[in-house]
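Reviewing the structure listed below.
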Amino acid sequence: MINITLPDGAVRQYEAGVTALDIAKSISDGLARKVLAANVNGQVWDATRPINEDAKLTLLTWQDKDGQSTFWHSSAHLMAEAIESLFPGAKFWVGPAIDRGFYYDMDLGGRQITEEDLRALEKKMNELAKQNNAYIRKPIAKRDAVAYFEEKGDEYKLDLLQGLNDGEITFYTQGSFTDLCRGPHIPNTGFIKAIKLTNIAGAYWKGDEKNKQLTRIYGVTFPSQKELDEYLHMLEEAKKRDHRKLGKELGIYTMDDDVGPGLIMWMPNGTIIIEELEKLAKETESAAGYKRVVTPHIAKESMYLTSGHLPYYADSMYPPMELEGEKYYLKSMNCPHHHKIFAAEPKSYRDLPYRIAEYGTVYRYEQSGELFGLMRVRCLHMNDAHIYCSKEQFADEFRAVNEMYLKYFKIFGIDKYVMRLSLHSPEKLGIKYVNEPELWKETEEMVRQVLIESNIPYIEVQDEAAFYGPKIDVQIFSVIGREFTLATNQVDFSQGRSFKLQYTNADNQPETPLIIHRAPLGTHERFIGFLLEHYAGKLPVWLSPLQVKILPISDKFLPYANELRDQLRKKGIRVETDERSEKIGKKIREAELSRVPYMLVIGEKEALEHKLSVRRQGKGDVGTQTVEEFTAHILEEIADRKSGE
RNA sequence: GCCACUUUAGCUCAGCUGGUAGAGCAACUGAUUUGUAAUCAGUAGGUCGUUGGUUCGAUUCCGACAAGUGGCUCCA
């Protein structure tokens, strides 16, 4: 007999060789019908795999993340079975579960998959699922595994096998399909009740663009049709808050074929948002001791050779233009220009920290396939600044920048983000990163300490640093789930020396400053794209292009409405009157859809009493106020940059 | 840049197997003067992304290019 400890601490005794599924059955049949996998002593196992010694056991169902990923991974196998049956000769690479579903990469020998094929595959998968085929685990000797895939002629699985040791190789079989797989899997295919293959994509083998491109099919499955329907509904809802849709509906920005891909033109409404953001940045930076500068959009080749950008990033800069025998580049970053401003006048330690800021316009020749709405563009406006400081000042300066981030995030109510400490990878020194192993170690530790001392949760990732030093990136997700760096805070121990930047220290010796590159509000493009999705288009009053819309009940009240409008405008409030001879219902509907935060309904009663009837976007009628009450309220809301309400 | 798909009126979308296009909303005009999410009627608006080809004839079939979209790779 063995002892099984359940999550509530209860210990039960079973015969050795018992499975998680047996144990579930001994508790209740209902539970047994829901068990997808089990966590045995911290490892995720098949629910049907025998347990031979004392163990801590957690049964995993659809409610558990590990249960879901097991379910999706098994679904990938089911899809592969369907593919093998419909497209014989397909060779498979890997088919993992992802955040929301699964994919499988395969080589179809040049065959193209169409939307109709996906529907046929779904149908086949449903048929196979209904057969309730068990997923059967079988440990196998390496040479037998190799023989199996040699027979099949699957060079991809053979490649996978090369990296595995004898004794740790298992096959899983369900129905007529056998795959090399570590597992675990759900008990049988019958659990998979609802199937949706979502899209087809090319994916480079092993993620390397020099390799062959495989066909990748993405899908998602659920234990019931209802859950699939809910998921599809959620996708529909997410699409409604996509910044590309909102940007068009709200007249924020536009693009044009004649202007070029990835080049944003900000329309009047978008420009108001930009101006409000810049106002916030200027106030905040001025209070934090920054000074503003302005620099040109282009510079000579020699500067980017000095900075080291050209050898690393020439591919992502627009090609140079030749003038008077010199090559000029559109700037893809502001730092070199800022370094030149630092160097323009001699500096002493008394001038440090020297902080200069600019909403700099930069141009990056992003790969055409990467462009994405406002989030990935070729002309961007950075909330840029550079801080030149001594080693002793560094930690305080870096911490202050982080605090500025958090202050901004509070204003915008941003709470779903990941702070990512991006480190170099030592084997790429001299290739992707400046070759200064000691400095890398030292500054990475310094940055890590700042995060720990400030008690900021973060994750560490290798091989994500800038070429000149480690950085902290703030990662956010667009409504369609794509990840972006919203803000960045970077250490630079390299460019100071490249540009021969110096200051005189207290001992009258020349020293090279450390540099911090920071952009807490990222770029206008990405930040506004993010804000539109974050607020679902319902911007807070202070950011809203139009803050108040006056809606007269009929033309008779236009004179009072416009008198009111002028009065509010004098207070700096962005306000317009709907002067059309439409019914009030229509005026309200359109004002609501345009997401103007306040609507003022003006009729006979209001005109007589010199009052206004206030409507809040999304909330409806909130009662009658005097003009003074309303003005005081909205001005306070704007001045405090309140989010919501 | 690579794989796949898409591109019809300002917007959202119809248009079966080739015979030069249609709806709703928006716009404009007129009527209506309205009390908290769509008043009625009329008018106007499109070289069907661009460009080659096949055909008596192409929005429709084929190719190239461009832009957009979903991924891959990339992202200072």
Side-chain angles (χ1 to χ4, degrees), chain A residues 98 103 105 112-115 118 198-218 242 244-245 248-249 255-262 304 307-310 312-317 331-336 362 364-373 375-376 382 384 422 432-433 464-469 471 473 480-485 488 490 492 494-495 517 519 526 551-558 580-593 599-606 613-623:
Chain A
I98 51 177
Y103 67 78
D105 282 353
Q112 288 183 355
I113 293 284
T114 64
E115 286 289 323
L118 291 189
T198 47
N199 55 47
I200 312 156
Y204 299 108
W205 185 40
K206 295 184 180 180
D208 186 336
E209 64 179 330
K210 289 183 201 76
N211 285 340
K212 180 166 182 174
Q213 195 159 50
L214 304 177
T215 301
R216 174 175 295 180
I217 301 181
Y218 284 88
D242 188 311
R244 292 165 296 184
K245 186 172 160 64
K248 179 172 264 183
E249 280 174 9
M255 291 194 255
D256 191 281
D257 279 7
D258 279 341
V259 177
Y304 296 112
S307 72
H309 283 97
L310 263 184
Y312 289 97
Y313 298 109
D315 284 351
S316 51
M317 292 175 76
K331 68 175 170 183
S332 62
M333 70 300 296
N334 302 300
C335 32
V362 302
R364 295 179 181 177
Y365 185 63
E366 302 284 0
Q367 294 184 43
S368 58
E370 264 312 320
L371 301 173
F372 175 70
M375 299 290 205
R376 196 75 182 270
M382 286 184 81
D384 214 352
S422 299
K432 192 173 167 188
Y433 305 110
E464 290 284 340
F467 77 85
Y468 45 62
K471 58 178 180 167
D473 290 326
I480 64 164
R482 213 182 280 185
E483 182 176 356
F484 288 98
T485 299
T488 184
Q490 311 178 345
D492 180 352
S494 164
Q495 286 191 64
H517 305 238
R526 192 170 286 178
L551 310 176
I553 298 281
S554 88
D555 295 351
K556 285 187 232 157
F557 313 109
L558 263 178
R580 299 172 308 167
S581 321
E582 293 289 350
K583 295 178 77 167
I584 191 67
K586 178 155 187 168
K587 292 181 186 178
I588 287 171
R589 178 181 158 79
E590 289 184 6
E592 287 277 351
L593 290 175
M599 287 148 273
L600 304 179
V601 178
I602 302 298
E604 188 170 13
K605 199 165 56 130
E606 289 77 9
S613 174
V614 183
R615 213 186 138 92
R616 185 73 226 241
Q617 203 276 345
K619 289 209 172 71
D621 195 345
V622 293

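First the proteins, then the strands, lettered A, B, ... as listed; each starts at 1.
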Q. P atom, G45(B) versus C5(B): distance in rounded Å?
A. 37 Å
Q | More than 12 heavy atoms from other groups under 6.0 Å of OH on Tyr365(A) | A | no
Q. Would you say the side-chain atoms of Thr488(A) pair up with the backbone N or O of Ala519(A), donor to acceptor, closer than 3.5 Å?
A. no
Q: Ignoring the backbone of Arg482(A), work out which of G70(B), C72(B), A76(B) is nearest its side chain.
A: G70(B)
Q | Residue pair Phe557(A) / Glu604(A), side-chain heavy-atom distance below 4.5 Å | A | yes
Q. Can you give the dot-bracket line for RNA chain B, where a pair is Watson-Crick or G-U wobble with both atom distances under 3.5 Å, crossing pairs use [ ], and | marks a partner on another strand?
A. (((((((..((((.....[..)))).(((((.......))))).....(((((..]....))))))))))))....
Q: Determine whether Met382(A) and Val362(A) make a side-chain contact, defined as any pair of heavy atoms from C-beta on separated by less than 4.5 Å.
A: yes
Q. Does any N or O donor sit under 3.5 Å from an N or O acceptor when you compare the side chain of Tyr365(A) with the base of G1(B)?
A. no
Q. Does Glu209(A) get its side chain close enough to the base of C72(B), under 3.5 Å, for a donor-acceptor pair?
A. no
Q) With under 30° as parallel and over 60° as perpendicular, where do the rings of Tyr304(A) and His309(A) fit, or are they tilted in between? A) perpendicular
Q: Send over the distance from Asp473(A) CG to C74(B) C1', rounded to a whole Å.
A: 15 Å
Q. Is any side-chain heavy atom of Met317(A) less than 4.5 Å from a side-chain heavy atom of Leu310(A)?
A. yes
Q. When all nucleic acid strands are considered with a 4.0 Å heavy-atom cut-off, which category describes Phe484(A): base, sugar-phosphate, or nothing?
A. nothing
Q: Start with the C-alpha distance between Glu582(A) and Arg589(A), add both sets of side-chain angles, then the distance that settles side chain to side chain contact (heavy atoms under 4.5 Å, CB included), and finish with yes or no.
A: CA-CA 11 Å; Glu582(A) 293 289 350; Arg589(A) 178 181 158 79; over 6 Å; no
**Q.** Flag if over 12 foreign heavy atoms under 6.0 Å of CD, Glu483(A)
**A.** yes
**Q.** Whole-Å gap separating C1' (G10(B)) and CD (Glu249(A))
**A.** 14 Å
Q: Choose from G1(B), G70(B), A76(B) the nucleotide whose nearest atom is closest to any side-chain atom of Met333(A).
A: A76(B)
Q: Specify the separation, in whole Å, of atom CG of Asp208(A) and atom P of C72(B).
A: 15 Å
Q.
Classify Tyr218(A) by what it touches in the nucleic acid, base, sugar-phosphate, or nothing, heavy-atom distance under 4.0 Å.
A. sugar-phosphate
Q: Using the P atom on both, measure G15(B) against G53(B) and round to a whole Å.
A: 29 Å
Q. Honestly, is Arg526(A) close enough over Phe484(A), meaning NZ or CZ under 6.0 Å from the six-membered ring centre and within 45° of the axis?
A. no
Q.
So Ala203(A), base contact, sugar-phosphate only, or nothing? Heavy-atom distance under 4.0 Å.
A. sugar-phosphate
Q: Measure from NZ on Lys248(A) to C1' on C11(B) and round the result to the nearest Å.
A: 8 Å
Q.
Would you measure the distance from the C1' atom in U59(B) across to the matching atom in G1(B) and give it in whole Å?
A. 31 Å
Q) For atom C1', what is the distance between A27(B) and G46(B), given to the nearest Å? A) 15 Å
Q: Please list, chain by chain and in numerical order, all residues satisfying ring-ring contact (aromatic ring centres under 6.0 Å, His included) with His517(A), sequence neighbours excluded.
A: His386(A), Tyr468(A)
Q.
Could you tell me how far C62(B) sits from U17(B) if I compare only their P atoms? Round to whole Å.
A. 11 Å
**Q.** Short side-chain N/O contact to C75(B) OP1/OP2 from Ser316(A), under 4.0 Å
**A.** no
Q) Leu214(A) CG to A4(B) P: how many Å, rounded? A) 13 Å
Q) Of Leu600(A), Leu558(A), Ile584(A), which is the lone residue that meets side-chain contact (heavy atoms from CB on, under 4.5 Å) with Pro552(A)? A) Leu558(A)
Q) Could you give the CD-to-P distance, from Gln367(A) to A67(B), as a whole number of Å? A) 14 Å
(Q) So for Arg376(A) and C75(B), does any side-chain atom that can act as donor or acceptor lie under 3.5 Å from a complementary atom in the base? (A) yes
Q: Would you mind classifying the nucleic acid contact of Gly373(A) as base, sugar-phosphate or nothing, using non-hydrogen atoms under 4.0 angstrom?
A: sugar-phosphate
Q: Using a heavy-atom cut-off of under 4.0 Å over every strand shown, decide if Leu371(A) touches base, sugar-phosphate, or nothing.
A: sugar-phosphate
Q. In terms of the nearest nucleotide of RNA chain B, which residue is placed more toward the 5' end: Ile200(A) or Lys245(A)?
A. Lys245(A)
Q) NA contact type, Thr198(A), heavy-atom cut-off 4.0 Å: base, sugar-phosphate, or nothing? A) nothing
Q. How far does the C1' atom of U60(B) sit from the matching atom of C3(B), given to the nearest Å?
A. 26 Å
Q) Looking only at atom P, what distance separates A41(B) and A23(B), rounded to whole Å? A) 15 Å
Q) Roughly how many Å is it from CG in Asn199(A) to P in A4(B), rounded to a whole number? A) 14 Å
Q. Do we see Tyr468(A) stacking on the base of A76(B), given a limit of 5.5 Å between centres and 30° between planes?
A. no
Q: Check whether any side-chain heavy atom of Asp473(A) lies under 4.5 Å from a side-chain heavy atom of Glu464(A), and answer yes or no.
A: no
Q.
Quick check on RNA chain B: between Tyr204(A) and Cys335(A), whose nearest nucleotide comes earlier from the 5' end?
A. Tyr204(A)
Q | Pairwise P distance, U50(B) and A66(B) [rounded to whole Å] | A | 16 Å
Q: Using atom CD of Glu366(A) as one end and atom P of C75(B) as the other, report the distance to the nearest whole Å.
A: 10 Å
Q: At under 4.0 Å between heavy atoms, which parts of nucleotides 23-39 of chain B does protein reach? Answer with one letter per nucleotide, 5' to 3': B base, S sugar-phosphate only, - none.
A: ---S-----BBBBBBBB
Q.
Is it the case that C74(B) (base atoms only) and Arg364(A) (side chain only) share a donor and an acceptor within less than 3.5 Å, ignoring hydrogens and angles?
A. no
